[in-house]
Amino acid sequence: MDALEYTQTHLPEFLADLEAFIRLEAPSHDLPGLRQVARWIVENFAPFGTLSQEETPNGPLLTLKRPGSGPKVLVLCHFDTVHPVGAFGWKLEGDWAFGPGVYDMKGGIVQLLWALRAAEALGLKLPSLEVLFTPDEEVGSLASRAAIEGAGKRNDLVLVLEAPMGNGDLKVARKGVGQYRLTAHGKAAHQGVEPEKGVNAIVELAHQIAQVVALQDWEKGTTLGPNVVQGGTVSNVVPDEAQVLIDLRVWQMGEAKRIEGALRALQPHLPGARLSLEGGINRPPMEPSEASLRLFERARRVGAQLGLNLGAGWVGGGSDGNFTAALGVPTLDGLGLFGADAHQKTERVAVSQIPQRVALLAGLLEDLVADV
Ligand SMILES: [Zn+2]
């Protein structure tokens, strides 16, 4: 028997685990919910290594360590979801399993559990494993970032159990993400009596937004979204303050630096106006290195033996893999379950493809023992 047959045989138990785990709901910042989910992880992963738990302001952060042979492998998972409690429930319909986080990415945690069970049952050799289960990926990983980077530095490579691309491809590159708040400060005045004494912060901001958008480079994939605007009080007062929230996405760190420099160098357009800028790069880009592409190549070969035709995908959204890739640690992402509609109420995974993805993970881990 191999890992594929093992998971096919145990698919009903896999689904029972998945249902139980998905029914424990935990949106980011819901500390009681996150603790419940953490308890489930502790109970189920306890047979596979040494677990430790750290309380962070964003919820519990769990680490599983399992000795093994060959390279030291870090596995990244997060167990928070974007869905408020009760947004939608667990449901099996046709080949699909629906539920909050089933695809992004609590399903990936159950997949890892069964990859470990398969490895144990079949006597597969595994590399030395360190698994981080984090509570705050969907809200920027502020409380987990240091632990993720620390673990990245003491391991040889990183596997991320986020969802694959929509067509099932793995993820070798992710855009970096920056978030900024640009505020224009003007001077209030009566719009009817003495408008000339005012400095209109909204007019100032409008000029700035045009400049911000002009920094985009579509060819390089650098985008700037001035996506929230606030300003003014009532229509007969010249507004003294206006602000815009800007979303920055880049494939390359060089582009992040170029934009950051240009934003900081913005100059007021209207006499008497002033600008202030807050924010910065939240996740550095995950740029594909030669070593990470070699890691992808191994996963591709393992997948081919399972009947999967895996490509190397590039994706605009960030993950915790961005942090480890930026440290130069080879990082392969998108190793989670196949499905669709992340962050939507139709979020789901394809049940018939679960065994292949479990076997892909188990097979890749086994393959990594062979050589580095
Ligand atoms: Zn995710």
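Counting convention: from 1, in listed order, for ligands and their atoms alike.
By the 6.0 Å contact criterion, CG on N227 is enclosed, its count of non-hydrogen atoms from other residues, nucleotides or ligands being greater than 12.
The side chain to side chain contact (heavy atoms under 4.5 Å, CB included) with L76 is formed by just one residue from the set V131, L161, L132; it is L132.
Around the Zn ion (ligand 1), the protein N, O or S atoms closer than 2.8 Å are H78 NE2, D104 OD1, E162 OE1, E162 OE2, listed by chain and residue number.
Using a cut-off of 4.0 Å between Lys/Arg side-chain N and Asp/Glu carboxylate O, E297 and R294 are scored as not salt-bridged. Here E19 pairs with R23 in a salt bridge; the nearest charged N to carboxylate O distance falls below 4.0 Å.
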Side-chain donor/acceptor pairs under 3.5 Å, residues 52-65, sequence neighbours excluded:
residue, atom, partner, partner atom, Å
Q53, NE2, E55, OE2, 3.2
T56, OG1, N58, N, 3.0
T56, OG1, G59, N, 3.2
T56, OG1, G59, O, 2.7
N58, ND2, D136, OD2, 2.9

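Using cut-offs of 30° and 60° on the angle between ring planes, the pair F14 and W114 is tilted.
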